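Fair warning: this is a prediction, and the values are worked out from it, not measured in the lab. For the single chain, residues carry numbers from 1 onward in sequence order.
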Amino acid sequence: MRLHHAHTAFDCHNLLGEGCSWSASDQSLWWTDIETKSVFRWDDNSGGAAVRRLPNRAAFVFPRARGGFVLGFPKSIVITDPTFTDFTQMAEIEPHLAQTRVNDAAIDPYGGIVLGTYNERSREPVGSVYRVAPDGEVVTLFSGVAAANGLAFSPDGRIMYFTDTADGTIRRFALATQFASVTEIGPLAGPNVAPGSPDGATVDVEGGYWSARLRGGCVVRIDRNGQLTDRVDVPSMAPTCVALGGEDLRTLFITSRRIRQPSDELLRFPESGNLFRVEVDRPGGLPFDCRV
């Protein structure tokens, strides 16, 4: 197994950094700090960062192919302009469940967004996973979810990955053409494949699944056969999400959190909450366009 060590790219001290994704159009990484209601942009060419404040907590931010951005607010999917000043709700998510909020999401191979919810009050699996189609239609894919995470797609668009952090199994689903259906197949890996619990994820061009291991202090790569091939040690026990980007798509970016981490742990890992980076051997694929 190859060992790597990530280092701080941007000293942002996020309370809950999440939802990172690479934008090829502006060579930038976008992510959110859920608890401070902020969106961050890291310009990888200049090494500079920008922060924008939001009217609500956002679990993800995706640049839209037609301009502007899509945001995942706690109870809604919202479209905003390039300056993050005008916000239009396009879908409401679980309005009947006061305890849940929108959590992890990924752009699918057909331009839609797949997202799941998170129970903020308990580990009762009352949430679900949904797809927002490019035309705005919302379809429930499956239910019984406590903490939706790890959403990602294989390079050929045939496999969708998902994990419930409360359970820890990295599940796989066969995807029909044009997202006509999803059918669960055998899991990629069980909860004990690596230290910690699975959080955000991304997939490289060879189909390797990179999993941020919350409370495990690392990110691991799991190949298509479920075998560990790489481990990235992170200067935080709470890596939360990952994305492959950079000029050659070989930079693994890692967000992290400070909230809900013990005070003695934060003393040992003072960089917790930062954006980290490490160069890896296999590049990511070109990001799917968000056509929502």
Side-chain angles (χ1 to χ4, degrees), residues 6-45 47-52 54 57-64 69-72 84 102-108 113-116 118 148-153 161 163 165 198-204 209-214 218-221 232 234-236 238-247 249-259 271-280 283-288 290:
H7 64 273
T8 290
F10 177 43
D11 185 3
C12 48
H13 269 54
N14 291 158
L15 290 181
L16 181 51
E18 271 288 7
C20 60
S21 63
W22 178 255
S23 171
S25 61
D26 61 4
Q27 289 291 292
S28 295
L29 186 82
W30 291 86
W31 77 99
T32 70
D33 184 344
I34 296 175
E35 295 305 317
T36 63
K37 302 177 182 177
S38 303
V39 165
F40 288 78
R41 173 181 178 250
W42 171 261
D43 184 328
D44 205 49
N45 290 322
V51 185
R52 295 168 174 84
L54 301 171
R57 294 184 297 163
F60 65 83
V61 54
F62 294 134
R64 303 172 71 214
F69 298 84
V70 181
L71 294 164
F84 293 88
V102 169
N103 200 45
D104 195 48
I107 302 169
D108 71 50
I113 297 174
V114 177
L115 63 102
Y118 167 64
N149 269 308
L151 283 163
F153 294 87
Y161 298 93
T163 186
T165 299
D199 204 320
T202 192
V203 177
D204 61 36
Y209 181 88
W210 292 87
S211 172
R213 306 299 294 190
L214 187 67
C218 64
V219 175
V220 297
R221 181 184 185 270
V232 178
V234 180
S236 166
T240 54
C241 195
V242 291
L244 284 161
E247 186 176 4
L249 298 174
R250 294 178 188 269
T251 302
L252 184 71
F253 292 100
I254 307 162
T255 55
S256 60
R257 78 180 193 191
R258 296 182 66 82
I259 197 170
E271 295 174 80
S272 294
N274 286 352
L275 174 70
F276 305 108
R277 68 185 296 156
V278 63
E279 302 305 309
V280 295
L286 287 175
F288 298 125
C290 177

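Panel note: side chain T32, backbone A58; a donor-acceptor pair is recorded below 3.5 Å. Judged by distance alone, with hydrogens and angles left aside, the side-chain atoms of D204 form no donor-acceptor pair with the main-chain N or O of G284 at under 3.5 Å. A donor-acceptor pair under 3.5 Å is absent between the side-chain atoms of Y209 and the main chain of A152, judged by distance alone. Side-chain atoms of N103 come within 3.5 Å of backbone atoms of A148 as a donor-acceptor pair (strictly under, hydrogens ignored).
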| Between V70 and F60, is a side chain to side chain contact (heavy atoms under 4.5 Å, CB included) present by the stated rule, with each step listed? | CA-CA 8 Å; V70 181; F60 65 83; 4.2 Å; yes

| request: With side chain to side chain contact (heavy atoms under 4.5 Å, CB included) as the test, would you mind laying out the steps for R277 and W42 before giving the verdict? | output: CA-CA 12 Å; R277 68 185 296 156; W42 171 261; 3.9 Å; yes

| When you look at V232 and F276, which way does the side chain to side chain contact (heavy atoms under 4.5 Å, CB included) test go after all the steps? | CA-CA 11 Å; V232 178; F276 305 108; over 6 Å; no

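Across every non-hydrogen atom of A24 and P287, the tightest pair is CB-CD, 4.2 Å. The shortest heavy-atom contact between G246 and T251 is CA-OG1, 4.3 Å. Scanning all heavy atoms of the two residues, the minimum distance from S236 to S256 falls at OG-CB, 3.9 Å. In terms of heavy atoms, V242 sits closest to W210 at CG2-O, 3.5 Å. When all heavy atoms are compared, the tightest approach of D43 to S28 is CA-OG, 3.8 Å. Here the closest heavy-atom approach between residue L151 and residue V114 is recorded as CD1-O, 3.7 Å.
Judged by distance alone, the side chains of T255 and T240 do bring a donor and an acceptor atom under 3.5 Å apart. Side chain to side chain, D26 and S23 meet the donor-acceptor criterion of an N or O pair below 3.5 Å.
Shown here are the ring pair (Phe, Tyr, Trp, His ring centres under 6.0 Å) partners of W31, two or more places apart in sequence or in another chain: F40. Applying the salt bridge (charged side-chain N to carboxylate O under 4.0 Å, His left out) criterion to R64, with sequence neighbours excluded, gives no partner residue.
The closest side-chain heavy-atom distance from F84 to V61 is below 4.5 Å.
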